[in-house]
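Encoded as structure tokens, the structure appears first; notes follow it.
Each chain gets a letter, A, B and so on, in the order its sequence line appears, and its residues count up from 1.
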2 protein chains.
Amino acid sequence: MSAESPAQIGFQPVRPVRAYQRVAEQIEDRILAGELPPGSRLPAERELVRQFDVGRSTIREALRVLQSSGLIRSRPGDPLGAEVLGVSPDTLSHALGRLARSHLSSPAELIQFRMVLDAESYRLAARLHTEEDLRRLTELADTMGECVSRDPHDPHAFSEADAQFHRVVAEASGNALLALCARAVHDAVVGAIEGELVRAERDGDAGEWMRRSVVHHREILAALRGADGARAARLGREALFEHYAPHLPEPDRKRLRAALD
Amino acid sequence: MSAESPAQIGFQPVRPVRAYQRVAEQIEDRILAGELPPGSRLPAERELVRQFDVGRSTIREALRVLQSSGLIRSRPGDPLGAEVLGVSPDTLSHALGRLARSHLSSPAELIQFRMVLDAESYRLAARLHTEEDLRRLTELADTMGECVSRDPHDPHAFSEADAQFHRVVAEASGNALLALCARAVHDAVVGAIEGELVRAERDGDAGEWMRRSVVHHREILAALRGADGARAARLGREALFEHYAPHLPEPDRKRLRAALD
DNA sequence: GCAATCAACTGGTCTGACCAGTCGCCTGGC
DNA sequence: GCCAGGCGACTGGTCAGACCAGTTGATTGC
């Protein structure tokens, strides 16, 4: 890029930058730089009006943008001002959820994507886990077992422990980005497929798949303990496939099978 | 969930929903449902004021939210009103870029994540590619070869063809979601590491890594043609590792190596 | 000591205004 | 007849000021 003609050097097309954008950028930069840590408060809107020397609507539009990005949260009547939330995976979840709802991708793709992310979490976690991770995972698997042996079953607590299990594995992978994405996809899947799950529970075979799921999780845990990443990854993929495939039409199922490896 | 005490059934905490949220939701739903396809136009703000029967600031805050989500784009003076862009991966890119810039994740994690996504793209693409995909990939590999054999090198066109290559592979994987995420991560990596790359180019070994990269891409292409997903995935991981590892400190490099498999 | 009240905030919304930019029409000169 | 220029009639961006409902904390009354 060092060989451009002199006439083209130094000048770039200038696009108008809106006032609310500059306000939002300044605040976002402070948040990302850590100067406004999560939990801290922004000044009140009318105070920001004075500091930035713009109208209140400009301030409000900037705050709306930040809020829709999940960086801040505001509450009417709060004398402390808007609360800084910091970077969170919620934006990712939202964006993924939107993609999942749009014609751009199908539920099957969402599930396949989750198979990929989960499997890679397992693979990495098998190498990098700590004893503490294993302890927590064992505990969660036990919790899941209790939920299924209890009468009546407690599918809510079960799902909670299940989600927690995946979250711990993702964190054990040592890659926060992977963990955040895996969580976002997990949330999106749950949000998109929830209706199916409820129906399946009502069909009465809830105990059956919960039991199978517990077995799966224990096998995965054993593979993690043995540092067998490939096996853990394969087991994770199979578990997801078995769980979701029955609810999908054949073409989708075939595509999902391609991700089984 | 069917066994709750009667007193807890039927009532859920009602949280106030802001007017701008309802406006934004209505418009977003129409866009996601395809009733407002990309390229179509929203009514003018003052017309929306009439239709939704709210103040203009409410309309504007709703439009700001949609705009920051990348769903619409507005331009001053446009008599046609805001343009509908539809769901795009830009939001994902933004969110990932923010995560990459925040203290929550490091460049190494970003690269590792890209290794994961690319490798899985290869694995799936090896199974599901079409002849047309192979033709385009061959063409792009040739283009990359030309860029490197040209004198002087054309690193810009090279990077462009490289990005295109990855994009075609991701699309050949048959999973649009995976493709979008891979592209978003690619963009985030490029955005985050660009400074490093420029430095490397200036160091004069540009020709060398470009040549190696071409070889890598041809090997991957051969693996894809042979439907050898595992091999393609491994090659893809190695290519990224070789490219980025030299620019990282040792601890990060070690962690990246864990993703090599 | 405690509960009800009140005043001073907050964010959410509306109104009305002005500006600069953009477009389409319309008119004037060629 | 054609085209350039200008003139509205729009657009979105911004500002100012107002009101409302909700929150909070001090004050008041018991």
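For DNA chain C, the outermost nucleotides in 5' to 3' order that have an atom under 4.0 Å from a heavy atom of chain A are C/dT10 to C/dT13.
Using a 4.5 Å heavy-atom threshold, the side chains of A/Pro43 and A/Gln51 count as touching. Looking at heavy atoms from C-beta onward, B/Ser68 lies out of side-chain contact with A/Gln21 at the 4.5 angstrom threshold. In this structure, A/Leu92 and B/Leu99 have side chains that are in contact, with non-hydrogen atoms separated by less than 4.5 Å.
To the nearest 0.5 Å, atom CZ of residue A/Arg255 and atom CD1 of residue A/Ile111 are 13.0 Å apart. Atom CG of residue A/Leu137 and atom NE2 of residue A/His166 lie 10.5 Å apart, to the nearest 0.5 angstrom. Here CD of A/Glu61 is found 12.0 Å from CG of A/Leu66. Values are rounded to the nearest 0.5 Å.
The stretch residues 74-86 of chain A touches DNA chain C through A/Ser74, A/Arg75, A/Pro76, A/Gly77, A/Asp78, A/Pro79, A/Gly81, each having a heavy atom within less than 4.0 Å of the strand. For the segment residues 39-46 of chain A, the set of residues with a heavy atom within less than 4.0 Å of an atom of DNA chain C comprises A/Ala44, A/Glu45, A/Arg46, in numerical order. Residues from residues 58-68 of chain B placing a heavy atom under 4.0 Å of any atom in DNA chain D, listed by number, are B/Arg60, B/Arg64.
B/Arg18 has its CZ atom 14 Å from the P atom of D/dA21, to the nearest Å. One can place CZ of B/Arg56 at 14 Å from C1' of D/dA16, the figure rounded to the nearest angstrom.
There is no side-chain donor-acceptor pair under 3.5 Å between A/Ser121 and A/Asp118. The closest side-chain donor-acceptor pair between A/Ser159 and A/Asp162, if any, does not fall under 3.5 angstrom.
A distance-only check finds no donor-acceptor pair linking the side chain of A/Ser69 to the backbone of A/Leu71 [under 3.5 Å].
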Enumerate, atom names and distances included, each donor-acceptor pair closer than 3.5 Å involving a side-chain atom of residues 26-39 of chain B, sequence neighbours excluded.
unit_1	atom_1	unit_2	atom_2	d
B/Glu28	OE2	A/Arg98	NH1	3.4
B/Asp29	OD1	A/Arg101	NH2	3.0

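Across A/Arg136 and A/Val168, no two heavy atoms sit closer than the pair NH2-CG2, 3.6 Å. Between A/Glu109 and B/Gly174 the shortest heavy-atom distance is OE2-O, 3.6 Å.
With sequence neighbours left out, the side-chain hydrogen bond (donor to acceptor under 3.5 Å, both in side chains) criterion links B/Glu139 to B/Arg135.
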